[in-house]
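Taking it in order: structure first as structure tokens, then the write-up.
Computed over heavy atoms, backbone and side chain alike; hydrogens, waters and symmetry mates excluded.
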2 protein chains.
Amino acid sequence: MAEHDIPRATAKRLPIYYRYLKLLLDAGTTRVSSNELSDAVKFDAATIRRDFSYFGALGKRGYGYDVKALMTFFGEILNQDTLASVALVGVGNLGQALLNFNFHQSSNARISAAFDINEDIVNTIQAGVPVYSLDDLEKQISDQRIDVAILTVPAPVAQDLANRLAKAGVHGILNFTPLRLDVPSDVRVQNVDLTNELQTLLYFINNFGGAEA
Amino acid sequence: MAEHDIPRATAKRLPIYYRYLKLLLDAGTTRVSSNELSDAVKFDAATIRRDFSYFGALGKRGYGYDVKALMTFFGEILNQDTLASVALVGVGNLGQALLNFNFHQSSNARISAAFDINEDIVNTIQAGVPVYSLDDLEKQISDQRIDVAILTVPAPVAQDLANRLAKAGVHGILNFTPLRLDVPSDVRVQNVDLTNELQTLLYFINNFGGAEA
DNA sequence: GCCCTTATGTGAACTAAATAACAATTGTTT
DNA sequence: AAACAATTGTTATTTAGTTCACATAAGGGC
Ligand SMILES: NC(=O)c1ccc[n+]([C@@H]2O[C@H](COP(=O)([O-])OP(=O)(O)OC[C@H]3O[C@@H](n4cnc5c(N)ncnc54)[C@H](O)[C@@H]3O)[C@@H](O)[C@H]2O)c1
Ligand SMILES: NC(=O)c1ccc[n+]([C@@H]2O[C@H](COP(=O)([O-])OP(=O)(O)OC[C@H]3O[C@@H](n4cnc5c(N)ncnc54)[C@H](O)[C@@H]3O)[C@@H](O)[C@H]2O)c1
């Protein structure tokens, strides 16, 4: 695995490249230039070329990139061949929306187990996914070899659940709660703070206006 | 308005500071140090002190910061006194979840109008918010002086709607679609790409593991 | 086969942000 | 009131990421 020393910022753009390449391929396009990509994904063309260059010389000078080859290449890097099982903890407003949206269609992940304390939904199937009692958390995570969890519970219980998830062997948490979680160093947290996104947008608009964030 | 030249990265942290200060105040805490803040919000203490310093000398050496004063100060910067009206375009899975979650409780914004093409919900009230026909988009945005929209529609119609929103006078779009929108330079787009967040998390876990993103 | 156009890959320059380190200043204790 | 402990505000340093600019190489036309 030679993909150490890839900048974090580059890694975050990989899925976006991949998604757009898939789109191009579906449309029958066979070649693409960094400038065309730039128009679509809105990163500077030089940034795109540099990103690609971390993985070697993937293009041809004067020609561009072969869509199919590039897509296949990134597909491997992003593990598109293996399907990751994900747990959803907290089947409320947001949890339901994520369940209904099938990540599977558009990515290499699917939510395979959900957890809640609400007796009305425990032991039901929601959007094709079984909702388990919280008591089964550790067992299901272990049995299903789940190593990523989506956390959509009320803030006051978020840290407790993060602790349990970490102990149960999860390696990543997509955290939708406003709380900044404490986790062991072998667990990666990705925060998605929707209220913050909206407030930041409002701040920029009120104080300046215009341009991308 | 002296708040030009505030780094983008700092601006994105302001709502997080504000939220935590409110929490402290509610708990009756009167003073706080950059180190205590650091524990809670998980940014380096030096980063926090630097962030604050852009706004002047807000603390006292050897003492820390006065919670109440600091909160009031940031409250003004974040326009907490005025309530921003926001439009929601696309009342599907995600749109419903955002409607049900009342931003108003936790921020200075509230969704005051929703739009969809689905006849089953047009002209109904969802979670206290009227759902209008798309035909009324321009009129409502103008009448209600809405300048931010949340976009939760299918990707294929996203650019069209962004065009209409921009023309109708909106200055900010919180974009949940995977599409990177083209907008006039006086419109700010904040992308929230949930599939990308999950895929990036998976990439990091598969290739390395551990630590915060 | 030669010339011309095109677009890559990358060294160098630039910009932004995070962190370290510490002198300056305040509150507190004795 | 002097000594001490704590914690800021900021200067300097380091790290990360973006963009420029161009020599280099490929393809396509003639
Ligand atoms: N919905 C949004 O648009 C939105 C926006 C910003 C932030 N958030 C954050 O996302 C989180 C979820 O929001 P929501 O609107 O879906 O909340 P919600 O109240 O609708 O859902 C929370 C769910 O968690 C379950 N739950 C409660 N305690 C639990 C426990 N100990 N273990 C397992 N499940 C438990 C509840 O039964 C409920 O189903 C919150 O932290 C919220 O602050 C949501
Ligand atoms: N739900 C998720 O968890 C999730 C995750 C990642 C990305 N997204 C993205 O968010 C967007 C919305 O997702 P969703 O799951 O809520 O989809 P959805 O299909 O449930 O909802 C889309 C809504 O938009 C409405 N709509 C369709 N065309 C419209 C038009 N021209 N004008 C106004 N409204 C229109 C539909 O009637 C529907 O109510 C999509 O772009 C999706 O890719 C969603």
Distances for protein N or O near nucleotides 21-24 of chain C N or O, under 3.5 Å:
residue : atom : partner : partner atom : Å
C:dA21  : N6   : B:Arg49 : NH2          : 3.3
C:dA24  : N3   : B:Arg61 : NH1          : 3.0

I'd like a table of atom pairs between the protein and nucleotides 11-13 of chain C - only N or O on both sides, under 3.5 Å - with the distance next to each one.
residue : atom : partner : partner atom : Å
C:dG11  : O6   : A:Arg50 : NH2          : 2.4
C:dA12  : N6   : A:Arg50 : NH2          : 3.3

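Atom CG in A:Asp51 sits about 12 Å away from atom P in C:dG9, given to the nearest Å. Straight-line distance from the CZ atom of A:Phe52 to the P atom of C:dT8: 9 Å, rounded to whole Å. Rounded to an integer number of Å, the gap from A:Tyr65 OH to C:dT6 P is 17 Å. Separating the CZ atom of A:Phe43 from the P atom of D:dT18 is a distance of 9 Å, rounded to the nearest angstrom. Here the C1' atom of nucleotide C:dA7 and the CG atom of A:Asp39 are 14 Å apart, to the nearest Å. Whole-Å rounding puts the A:Lys12 NZ to D:dA16 P distance at 14 Å. Note: CG (B:Leu70) to P (D:dT8) measures 11 Å, nearest angstrom. For the pair A:Arg8 CZ and C:dA18 C1', the computed distance is 12 Å after rounding to whole Å.
The stretch residues 24-35 of chain B touches DNA chain D through B:Arg31, B:Ser33, B:Ser34, each having a heavy atom within less than 4.0 Å of the strand.
In this structure the side chain of A:Tyr54 never reaches within 4.5 angstrom of the side chain of A:Asp5, judged on heavy atoms. Inter-residue side-chain proximity for A:Gln96 and B:Asn100 is flagged as unmet; no heavy-atom pair is nearer than 4.5 Å. The shortest distance between side-chain heavy atoms of B:Leu24 and B:Glu36 does not fall below 4.5 Å. Side-chain contact between A:Phe101 and B:Thr195 is present, with at least one heavy-atom pair separated by less than 4.5 Å. Inter-residue side-chain proximity for A:Phe115 and A:Val153 is flagged as unmet; no heavy-atom pair is nearer than 4.5 Å.
Rounded to the nearest 0.5 angstrom, B:Asn108 CG and B:Leu78 CG are separated by 7.0 Å. Here A:Leu137 contributes atom CG and A:Tyr132 contributes atom OH; the two are 11.5 Å apart, rounded to the nearest 0.5 Å. In this structure, CG in B:Asn196 is found 9.0 Å from NZ in A:Lys12, a value given to the nearest 0.5 Å.
A perpendicular orientation is assigned to the rings of B:Phe74 and B:Phe55, their planes being inclined by more than 60° (bins at 30° and 60°).
Without hydrogens or angle criteria, B:Asn175 side chain to B:Val189 main chain gives no donor-acceptor distance under 3.5 Å.
Among residues two or more places apart in sequence or in another chain, the ring-ring contact (aromatic ring centres under 6.0 Å, His included) test is passed with B:Tyr20 by none.
The phosphate of C:dA18 has OP1 or OP2 within less than 4.0 Å of a side-chain N or O from B:Arg13. The shortest distance between the side-chain N/O atoms of A:Lys60 and the OP1/OP2 oxygens of D:dG27 is below 4.0 Å. Checking the phosphate oxygens (OP1, OP2) of C:dT19, a side-chain nitrogen or oxygen of B:Thr47 falls inside 4.0 Å.
End-to-end axis angle of the helix from C:dG1-D:dC30 to C:dT30-D:dA1, from C1' rotation axes over five pairs per end: 10° (rounded to 10 degrees).
Applying the salt bridge (charged side-chain N to carboxylate O under 4.0 Å, His left out) test to pairs two or more places apart or on separate chains, those with a residue in residues 160-172 of chain A are A:Glu138-A:Arg164.
The closest side-chain donor-acceptor pair between B:Gln144 and B:Ser112 falls under 3.5 angstrom.
Comment: A:Asp66 does not engage A:Lys60 in a salt bridge, judged by the lack of any side-chain N to carboxylate O separation of less than 4.0 angstrom.
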